[in-house]
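Naming convention: chains lettered A, B, ... in sequence-line order (proteins, then strands); numbering from 1 in each chain.
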Number of protein chains: 2
Amino acid sequence: MPWNLDSDRPIFLQIIEKIQMDIVAGVYHPGDKLPSVRELAQAAAVNPNTMQKALAELERTGLVYSQRTSGRFITEDTAMIQELKSELARELIAEFLEHMQKLGFEEQETIDLMEKTIRGETK
Amino acid sequence: MPWNLDSDRPIFLQIIEKIQMDIVAGVYHPGDKLPSVRELAQAAAVNPNTMQKALAELERTGLVYSQRTSGRFITEDTAMIQELKSELARELIAEFLEHMQKLGFEEQETIDLMEKTIRGETK
DNA sequence: TTTATTGTATTATTTAGATAGTACAATAGT
DNA sequence: ACTATTGTACTATCTAAATAATACAATAAA
């Protein structure tokens with residue numbers, strides 16, 4: 001799967017979010033070994049330093065941990081992962097509703113519009 | 001109203017989006033005179049050059065136009081404004097659904113969760 | 001024991017965005 | 001005619017992010 005990074009935001013932030021997504025979505029499982037910094041950097045078409053910076057931050061929050069020379073692993077704390085999933089969903093929803101409101105759509109309007117969108121109506 | 005700019009994304013992009021929002025939401029009306037570059041820059045606590053850059057882009061897309069020395073004005077093309085509103089809403093919805101999907105929520109799940117959120121349930 | 005791979009650290013350079021400061025031409029308002 | 005305000009342009013500097021190029025210590029694997 002491509003990493004799909006854009007240049008409108010700091011890359012290391014996008015990497016952090018991407019890996020977080022992959023963890024909570026189950027692409028990576030608790031205890032899984034991550035590819036090495038160099039491999040990940042190459043896969044993302046990014047400088048190893050940038051990847052290292054993102055991983056260091058993920059490590060700071062406890063989502064991953066590293067074992068000197070054997071590699072880097074996803075946390076086995078499934079509760080933490082579940083909590084993160086809820087937290088990210090809450091943030092996305094809040095941010096989305098706020099933006100729509102700034103566009104002039106009330107909450108119920110937004111939901112109606114979304115349902116229409118899902119059902120494939122152009123307008 | 002505060003401009004609420006963050007440092008995670010280029011400021012001039014955030015300004016463009018903010019003014020777009022204000023236009024489609026009806027904060028500014030067609031034909032309205034905008035404050036001067038210098039005033040807007042001060043209001044946003046931003047360098048005049050940055051504000052100028054954002055306004056130049058809004059002008060390029062036709063949303064605003066400037067009359068040398070009298071000032072800058074919102075377009076009177078109400079159709080264009082309506083179209084922009086729909087376009088922005090479509091983008092927001094698509095982006096939101098995509099992000100939620102990456103988190104592991106299907107479209108119907110997302111809507112259900114949103115409805116719960118709106119009704120004030122913590123979980 | 002040797003070798004390759006791991007995470008990690010360091011220094012230098014480049015680039016885009018933002019700021020700072022100044023300047024000028026056009027014109028509305030006086 | 002004069003003045004202030006307008007958009008606009010230009011150059012220089014600063015900063016954070018990203019890249020580039022190495023280097024080193026620890027250890028799993030051979």
Side-chain angles (χ1 to χ4, degrees), chain A residues 2-20 22-23 28-76, chain B residues 2-20 22-23 28-76:
Chain A
W3 281 70
N4 216 0
L5 306 172
D6 68 90
S7 55
D8 281 1
R9 294 169 52 236
I11 293 180
F12 77 95
L13 288 181
Q14 297 180 58
I15 293 175
I16 290 172
E17 291 164 10
K18 154 80 168 158
I19 296 180
Q20 277 184 336
D22 284 352
I23 293 175
Y28 294 125
H29 298 90
D32 271 3
K33 184 177 185 308
L34 278 170
S36 75
V37 179
R38 294 164 178 82
E39 281 175 317
L40 283 172
Q42 192 168 22
V46 145
N47 190 281
N49 296 327
T50 307
M51 184 56 68
Q52 164 69 19
K53 183 173 180 180
L55 293 171
E57 175 61 17
L58 286 170
E59 200 154 334
R60 201 191 57 76
T61 64
L63 251 198
V64 307
Y65 63 94
S66 61
Q67 256 162 2
R68 187 103 194 153
T69 81
S70 57
R72 221 182 224 98
F73 303 86
I74 308 295
T75 181
E76 282 128 27
Chain B
W3 282 69
N4 217 1
L5 308 172
D6 67 271
S7 55
D8 280 0
R9 293 169 53 237
I11 292 180
F12 78 94
L13 289 181
Q14 297 180 58
I15 292 175
I16 289 173
E17 290 165 10
K18 154 80 169 161
I19 295 180
Q20 277 184 336
D22 284 352
I23 292 175
Y28 294 125
H29 299 88
D32 270 3
K33 185 179 184 311
L34 279 169
S36 75
V37 179
R38 294 164 178 82
E39 280 175 318
L40 283 173
Q42 190 168 23
V46 148
N47 190 281
N49 295 327
T50 307
M51 183 58 67
Q52 164 70 19
K53 183 172 181 182
L55 292 172
E57 174 61 18
L58 286 170
E59 200 153 335
R60 200 189 59 75
T61 64
L63 251 201
V64 308
Y65 63 95
S66 61
Q67 259 163 1
R68 186 103 193 153
T69 81
S70 56
R72 220 182 225 100
F73 303 86
I74 307 296
T75 182
E76 281 126 29

In terms of the nearest nucleotide of DNA chain D, which residue is placed more toward the 5' end: Ser70(A) or Leu34(B)?
->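 The answer here is Leu34(B).
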Does Asp8(A) or Val37(A) map to a spot on DNA chain C nearer the 5' end, using the closest nucleotide for each?
-> Val37(A)
Answer yes or no: is there a donor N or O on one side and an acceptor on the other, between the side chain of Gln14(A) and the main chain of Arg9(A), under 3.5 Å?
-> yes
Indicate yes or no for a side-chain donor-acceptor contact from Asp32(A) to the backbone of His29(A) under 3.5 Å, with no hydrogens or angles considered.
-> yes
Let's see if you can work this out: which of [options] has an atom nearest to the side-chain heavy atoms of [X]?
X: Arg38(A); options: dT8(C), dA26(D), dG17(C); answer: dT8(C)
X: Pro10(B); options: dG17(C), dT8(D), dT8(C); answer: dG17(C)
X: Lys53(A); options: dT8(D), dA17(D), dT8(C); answer: dA17(D)
X: Asn49(A); options: dA9(C), dA17(D), dA25(D); answer: dA9(C)
X: Arg72(A); options: dA26(C), dT19(C), dT8(C); answer: dT8(C)
X: Phe12(B); options: dG17(C), dT19(D), dA20(C); answer: dG17(C)

Going from OG on Ser66(A) to CZ on Arg72(A), what distance comes out if it is rounded to the nearest 0.5 angstrom?
-> 5.0 Å
Go through the N and O atoms of the side chain of Arg9(B) and the base of dG17(C), and report whether any donor-acceptor pair is under 3.5 Å.
->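 No, the side chain and the base share no sub-3.5 Å donor-acceptor pair.
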Counting only side-chain nitrogens and oxygens, does [X] get under 4.0 Å of the OP1 or OP2 atom of [N]?
X: Ser66(A); N: dT8(C); value: yes
X: Arg68(B); N: dA25(C); value: no
X: Thr50(A); N: dT19(D); value: yes

Provide the closest heavy-atom pair for Tyr65(A) versus Ile74(A) in the form atom of the first, atom of the second, distance.
-> CE2-O, 3.6 Å
Closest non-hydrogen atom pair between Pro48(A) and Ala41(A), with its separation = CA-CB, 3.6 Å
For the pair made of [atom1] in [X] and [atom2] in [N], what is the distance, rounded to whole Å?
X: Met51(A); N: dT8(C); atom1: CE; atom2: C1'; answer: 16 Å
X: Leu40(B); N: dT6(D); atom1: CG; atom2: C1'; answer: 13 Å
X: Phe73(B); N: dA28(C); atom1: CZ; atom2: C1'; answer: 11 Å
X: Ile15(A); N: dA17(D); atom1: CD1; atom2: C1'; answer: 12 Å
X: Gln42(A); N: dT6(C); atom1: CD; atom2: P; answer: 12 Å
X: Glu57(B); N: dT8(D); atom1: CD; atom2: C1'; answer: 17 Å
X: Gln52(A); N: dA9(C); atom1: CD; atom2: P; answer: 7 Å
X: Lys33(B); N: dA28(C); atom1: NZ; atom2: P; answer: 12 Å

